[in-house]
Amino acid sequence: MSNENLELNKEYANVFEENIKLTCSPVAIKLLKSEDEIPEGIERIGEKIRHCEMVRKASYGDKFYSTIDEHLCQGGAGAIGLREMPPKVASGEHYFNLGRFKTPEIAKSTTDALSVISEPQWGIAYAPLNEANFEPDVVIIISEPITAMKIAQTIVYNNGEKVRPNFAGIQSLCGDALANPYLEKSVNITMGCDGSRKAADIKDNELAIGISKDRLEEVIESLKAI
């Protein structure tokens, strides 16, 4: 099965390469419920960094898996199911103290609306899409706005509905680009956040697009058609 997944992912990666502007590789991400689900040949990452940094590393060619022990950002880890959301993040206190919100109440209303995977996960596998020998739960693309436009056009092409991105400028690559598409079985576009732009070097002219496995084939087929 791993060989079949690898060949399909290579095919999808080629379609992306031929039809949209890429600044780095699309990243395949798989949520792992247990150690038994680690994809063959995928080794544990050897450093403690943030989820957004892991996405960036995979976009540049690395493949690995991580557990909660390797995640430096606990808010990001909470968004993707590796732990419960830290109380100060869940309450909005953390972001209010950073000056992101006018009042604690407004901060709480926003954090209540953030996408969070509540089902506990054991780990996360990351790989460039063309090297992933597993079925990704979500594919994340870091690129320029023209790429998001093209992906949005694939959704419109297939069902005629306008695309409605869901983001708040916080928890971008964790909540917006991974948790939201995973939970909603959707495609989401997010502008990045201060953390990902600083820690993961998301450029000023880049954004992120999360595509759930439920919509991946639709996006691919539409890219080939338009």
Applying side-chain contact (heavy atoms from CB on, under 4.5 Å) to Ile151 and Phe16, what does each step give before you reach the verdict? CA-CA 10 Å; Ile151 296 297; Phe16 283 132; 4.2 Å; yes
Close side-chain approach of Ile155 to Arg215, heavy-atom, < 4.5 Å: yes
The test is side-chain contact (heavy atoms from CB on, under 4.5 Å); show your working for Ile49 and Lys57 and say whether it passes. CA-CA 10 Å; Ile49 56 176; Lys57 283 176 67 71; 3.5 Å; yes
Sorted by chain and number, sequence neighbours left out, ring pair (Phe, Tyr, Trp, His ring centres under 6.0 Å) with Phe64 holds for Tyr126
For Glu35, the side chain to side chain contact (heavy atoms under 4.5 Å, CB included) test, sequence neighbours excluded, returns Ile38, Trp122
Side chains of residues 173-182: which donor-acceptor partners sit under 3.5 Å, not counting sequence neighbours?
unit_1	atom_1	unit_2	atom_2	d
Asp176	OD2	Thr190	OG1	2.8
Asn180	ND2	Ser115	OG	3.2

Heavy atoms only: give me the nearest Ile141-Pro26 pair and the separation to one decimal. CG1-CB, 3.9 Å
CZ of Arg100 to CG of Asp194, rounded to nearest 0.5 Å, is 4.0 Å
Can you tell me how far CD1 of Ile209 sits from CD1 of Ile20, rounded to the nearest 0.5 angstrom? 6.5 Å
In this structure, would Val55 and Val138 fall into the same cluster of hydrophobic residues linked by side-chain contacts under 4.5 Å? yes
From Glu40 CD over to Asn5 CG, what is the distance, rounded to the nearest 0.5 angstrom? 11.5 Å
Which atom of Asn19 lies closest to which atom of Lys150, heavy atoms considered: O-CE, 3.7 Å
So side chain to side chain donor-acceptor pair (under 3.5 Å) across residues 131-149, not counting sequence neighbours, yields Lys21-Glu144, Ser143-Thr147, Glu144-Asn205
Just to verify, what does Asp204 make a salt bridge (Lys or Arg N to Asp or Glu O under 4.0 Å) with, not counting sequence neighbours? none
All side chain to side chain contact (heavy atoms under 4.5 Å, CB included) counterparts of Gln74, not counting sequence neighbours: Ile68, Arg83, Pro86
Would you say Leu31 and Leu114 are hydrophobically clustered, going by side-chain heavy atoms of ILVMFWY under 4.5 Å? no
In terms of heavy-atom contacts, Glu206 and Asp201 come closest through OE1-O, 4.1 Å
Could you walk me through whether Glu53 and Glu47 satisfy the side-chain contact (heavy atoms from CB on, under 4.5 Å) test, starting with their C-alpha distance in whole Å, then the side-chain angles of each, then the deciding distance to 0.1 Å, before giving a yes or no? CA-CA 11 Å; Glu53 293 178 276; Glu47 58 185 324; over 6 Å; no
Donor-acceptor pair, Gln121 side chain versus Glu119 backbone, under 3.5 Å? yes
N/O donor to acceptor pairs below 3.5 angstrom from side-chain atoms of residues 156-165, sequence neighbours left out:
unit_1	atom_1	unit_2	atom_2	d
Asn158	ND2	Glu218	OE2	3.4
Asn159	OD1	Glu161	N	2.8
Arg164	NH1	Lys162	O	3.2

All pairs passing ring-ring contact (aromatic ring centres under 6.0 Å, His included) where residues 85-110 contributes a residue, at least two apart: none
Taking Arg50 for the side chain and His71 for the main chain, is one N or O donor matched with an acceptor at less than 3.5 Å? no
Find out whether Lys30 and Ile42 are in side-chain contact, i.e. whether some heavy atom of one side chain is under 4.5 Å from a heavy atom of the other. no
Between the CD1 atom in Ile124 and the CD1 atom in Ile117, the distance rounded to the nearest 0.5 Å is 6.5 Å
Taking Glu221 first and then Lys224, would you say they form a salt bridge - that is, a charged N and a carboxylate O separated by under 4.0 Å? yes
List the residues meeting salt bridge (Lys or Arg N to Asp or Glu O under 4.0 Å) with Glu105, not counting sequence neighbours, and say none if there are none. none
When clusters are formed by joining ILVMFWY residues with side-chain heavy atoms under 4.5 Å apart, either directly or through shared neighbours, do Val139 and Leu22 land in the same one? yes
For Pro128 and Asp62, which heavy atoms make the closest approach, and how far apart are they? CD-O, 3.2 Å
Between Ser172 (side chain only) and Phe167 (backbone N and O only), is there a donor and an acceptor less than 3.5 Å apart? no
Check Thr111 against Ser91 and note the closest heavy-atom contact, atom names and distance. OG1-C, 4.0 Å
Treat each ILVMFWY residue as a node, draw an edge where side-chain heavy atoms are under 4.5 Å apart, and state whether Ile106 and Val89 are in one component. yes
Quick one: do Ile140 and Met54 end up in the same hydrophobic cluster if we chain Ile, Leu, Val, Met, Phe, Trp and Tyr together by side-chain heavy atoms under 4.5 Å apart? yes
Are any side-chain N or O atoms of Asn9 and backbone N or O atoms of Phe134, one a donor and one an acceptor, separated by less than 3.5 Å? yes
Hey, does the side chain of Ser222 reach the backbone of Val219 with a donor-acceptor pair shorter than 3.5 angstrom? no
Tell me, yes or no, whether the heavy-atom count around Glu17 atom CD, taken from other residues, nucleotides or ligands under 6.0 Å, exceeds 12. no
For Glu217, give me all partners under salt bridge (Lys or Arg N to Asp or Glu O under 4.0 Å), at least two apart in sequence or on another chain. none
If I take atom CD from residue Gln171 and atom OG from residue Ser196, how far apart are they, to the nearest 0.5 angstrom? 11.0 Å
Who clusters with Met149? Use side-chain heavy atoms, under 4.5 angstrom, across I, L, V, M, F, W and Y, and order the result by chain and number. Ile146
Identify the heavy atoms of Gly169 and Cys193 that sit nearest to each other, and give their distance. O-CB, 3.2 Å
Let me confirm one number: the CG-CG distance from Leu82 to Leu32, rounded to the nearest 0.5 Å. 9.0 Å
Can a side-chain donor-acceptor contact be found between Arg44 and Thr67 if the only test is distance below 3.5 angstrom? yes
Sequence-distant partners of Asp214, salt bridge (Lys or Arg N to Asp or Glu O under 4.0 Å), two or more places apart: none
